[in-house]
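Structure record follows, encoded as structure tokens.
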Amino acid sequence: MSAKLNPEQERAVQTARGPLLVLAGAGTGKTRVVTFRIAKLIQQGTPPDRILAVTFTNKAAKEMLERVSKLLGKRAKIKPSISTFHSHCVKVLRRNIRRLGYPERFIIYDYGDQESLARQVLRDISVAGESLRPGDLLFHIGAWKSSGLRPADATRIAETDKEHLAAMGYRRYQKALKLAGAVDFDDLLLVTEELFATFPEVRATEAGLFDHLLVDEYQDTNGSQYRIIKALAHDHRNLCVVGDDDQSIYGWRGAEVEHILRFQQDWPDATVIRLEANYRSTEAILTAANTLIAYNTTRYDKVLRPARPGGEKPRIMQFKDENEESRFVVDDIRRNLKLPGMEPRDFAVLFRTKEQPRVFEQELRKQNIPYVMLGSQSFFDRKEVQDILAYIRVLAYPHDEPALRRIINLPARGIAPKTVETLVRHAVAEGKHLWSVMDRPVLGDLKGPAEAAVQGFVNLMKQFRARMQHEPLAGVLRELIAKIQYPKELTRLYPEHEEQQSRLASVEEVVNALAQYAIEAKEPSLVGFLDEVTLGDREFGNNDKEKSLARNAVALLTMHSAKGLEYPHVYMVGMEEGLLPHHRSVAAEGPAIDEERRLCYVGVTRAQERLTLTMALTRMKWGKPRETIPSRFLFEIIGQADNPQRKKARPPGPHVGAKGVKRPSR
Ligand code: ATP
Ligand code: MG
């Protein structure tokens, strides 16, 4: 094992007890240290389930678990807990949340649920002259929550009229959430924190479940995460954190890089280890990364040396518009795929915004190259998936009102919007959940057929809920889908045969995922399945063939979700002012630009062999082509931030025009 570690890494792996900080640049093997350390602890006799490791993305967690399993070999039956912060908090909350007055089977609201709640709240507090959109309200709430601010704090610090209105909305929103027995994503952290602060014995019990806590990407912890880590590590003190201040890219969501910089103050007896050799990228790529990041003035100085000398200089390329840009990138991938030993999985295209991939997807499809969109929720955004998940939610938890409203008359079963209104009015008047009002023998002012329809629906759900207690979950779900004639609904909605088939395939995929979950879980339950789905722990693909392709496909992903990953060939596209740096940050200047620069640095340091940076001279905006300005980072990467060309639309380096490719010299 030690043969694959340098002496400093070895020291970090061997320091098994007490607080440990590994503060080091990109690609120096920090994540490798975490995985080897977990393996080492287990080899030295620590039971795997006494180890908790947290990372920031599901993909990273999965990869880490795979790497650890590989190191340990087949013997490992019990696995260490490797998860995201949010997933771990869900487990803590399921065990303890009742103490705070939430149901044990609390619901986790996704963004769609949050939006409808925000809309409802805004209707209740609408004030003449001042208005907020649901998205604005959620933006404010999210910002407050990620800084650990509760409604009372928000009211105190609100300045403008809009902020006051949002603070009022926040208070209502929280109340409504609790009434619904629900939490949103940010709450998973906030409520856990509250739980630990209010009930010291709960904190002690939860902390006592583990002897070791390891945290990857520590530079991106926000206040809640920071306090939860402290609370969990307080007793055993075996806390290992690794990170790189230059890769802190979640400041906009409340992450504070100071947490990593003051680790030694928090834990005075901490061992601090620095790693200096970058094993990932060639020297040429690393030089570009180092040159770029040096333009950030407030940073912690680190040495980053290449372990792989030489290499091809990053290519900077310019195109007429985004179509030519995407065509070039995909052509380039196709050309390279012909070289021996190259596979689709060796390539990644990185974006700043979620809107950019569309043209690349089209082009990849056209050229028949397998690709996968990483970190995207697109599967869950599909209507049919949301529909089926809503059924599962109501089966798991009848009080889940957003889900219940979604399916109450879907497919149509004679429960008209008016009937729903009447039911909701009763529920509000009596302070009860919608389901409780529906679930009683005589409904009063509902007319005969409407009442029968409601009763029919309630009985159907009850019947299937009862069956799920003792029959295989997936089988019962399949029957329910048939019983409500959902496939027929798809035929009605989508006249095209191909569309119907693809929608039906997604429905089938939900059933498959539930079946798979039931095999893997220790104590399968619908609540457990929904937790995994909501948190993105459970992946869906369309079918087995697509799944296996996804494993060997070109990756399309945002720079934010690329953190921690690596690819032989990386394309950073849309290198223009307004995209990278993002226009919001350009307006804010200062620290916001520094964060964009760190994001660019994260992108550059993902590349192992070759890096290509591209831009379009014009880009469509609201249906019209607009001229662009090259990203300042293109100039900084080659150490020419003062280049007078900077404001003109011609970036440095080799160019590709409309008439073909000018090959860069090696
Ligand atoms: P990031 O800052 O991007 O998260 P990191 O510091 O976590 O990077 P790793 O992902 O752990 O770095 O390692 C980067 C690459 O270098 C990986 O491919 C890893 O296998 C390799 N590597 C790390 N240490 C060594 C070593 N001692 N010998 C050979 N290869 C190494
Ligand atoms: Mg890493």
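The figures here come from the full heavy-atom set of this structure, side chains too, leaving out hydrogens, waters and symmetry mates. Just so you know, ligand 1 is whichever comes first in the structure, and atom 1 is the first atom listed for that ligand.
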Checklist entry - Does the T35 side chain pair with the main chain of R32, one donor and one acceptor, at a distance under 3.5 Å? => result yes
Checklist entry - Under 4.5 Å between any side-chain heavy atoms of I108 and F185, yes or no? => result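 Side-chain contact under 4.5 Å: yes.
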Item to check | pair F196-H234: side-chain heavy atoms closer than 4.5 Å | outcome: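 With C-beta onward as the side chain, the pair stays apart.
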Checklist entry - Can K563 be said to touch ligand 1, with heavy atoms closer than 4.0 Å? => result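 K563: no contact with ligand 1 (<4.0 Å).
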Next on the checklist: Measuring from non-hydrogen atoms of D244 to any atom of ligand 1, is the shortest distance under 4.0 Å?
Outcome noted: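 Checking ligand 1 against D244, which is what was asked, there is no heavy-atom contact under 4.0 Å.
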Atoms in ligand 1 flagged as close to [X], the criterion being non-hydrogen separation under 4.0 Å:
X: G29; result: 5 (P), 6 (O), 9 (P), 11 (O), 12 (O), 13 (O), 23 (C)
X: R606; result: 3 (O)
X: N6; result: 27 (N)

Among all protein heavy atoms, pick out the one at the shortest distance from [atom]; state its residue, atom name and that distance to 0.1 Å.
atom: atom 2 (O) of ligand 1; result: K30 NZ, 2.6 Å
atom: atom 19 (C) of ligand 1; result: R32 NH1, 3.5 Å
atom: atom 27 (N) of ligand 1; result: Q9 OE1, 2.8 Å
atom: atom 29 (C) of ligand 1; result: Y279 CD2, 3.6 Å

Item to check | Whether over 12 other heavy atoms sit under 6.0 Å from Y111 OH | outcome: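 Atom OH in Y111 is packed in, count exceeds 12.
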Checklist entry - Should the heavy atoms of other residues, nucleotides or ligands under 6.0 Å from CZ of R262 be counted, would the total exceed 12? => result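 More than 12 heavy atoms, drawn from other residues, nucleotides or ligands, come within 6.0 Å of this atom.
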Next on the checklist: For a quick check under 3.5 Å, do Y601 and N296 share a side-chain donor-acceptor pair by atom type?
Outcome noted: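 No donor-acceptor contact under 3.5 Å links the two side chains.
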Next on the checklist: Counting only heavy atoms, tell me which of E63, R280, E566 gets closest to atom 17 (C) of ligand 1.
Outcome noted: E566
Do any N/O atoms on [X] end up under 3.5 angstrom from N/O atoms on ligand 1?
X: K4; result: yes
X: A26; result: no
X: G564; result: no
X: R67; result: no

Check this for me: does any side-chain nitrogen of one of [X] and [Y] sit under 4.0 Å from a carboxylate oxygen of the other?
X: K62; Y: E66; result: no
X: R299; Y: D594; result: no
X: R632; Y: E577; result: yes
X: R598; Y: D220; result: no

Checklist outcome for this item: Near the Mg ion (ligand 2) (protein N/O/S, cut-off 2.8 Å, waters excluded) we have T31 OG1
Checklist entry - Applying a 4.0 Å heavy-atom criterion (strictly less than), which segment of L5 is in contact with ligand 1: side chain, backbone, both, or neither? => result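 Near ligand 1, L5 shows its backbone, while the atoms from C-beta on stay back.
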Checklist entry - Between F56 and K563, is there a cation-pi geometry (under 6.0 Å to ring centre, at most 45° from the normal)? => result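 Yes, a cation-pi geometry.
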Item to check | Heavy-atom closest pair, residues H560 and I249 | outcome: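 Of all heavy-atom pairs spanning H560 and I249, the closest is NE2-O, 3.3 Å.
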Item to check | From CA spacing to verdict: side-chain hydrogen bond (donor to acceptor under 3.5 Å, both in side chains), Q367, D331 | outcome: CA-CA 8 Å; Q367 303 215 24; D331 278 345; 2.8 Å; yes
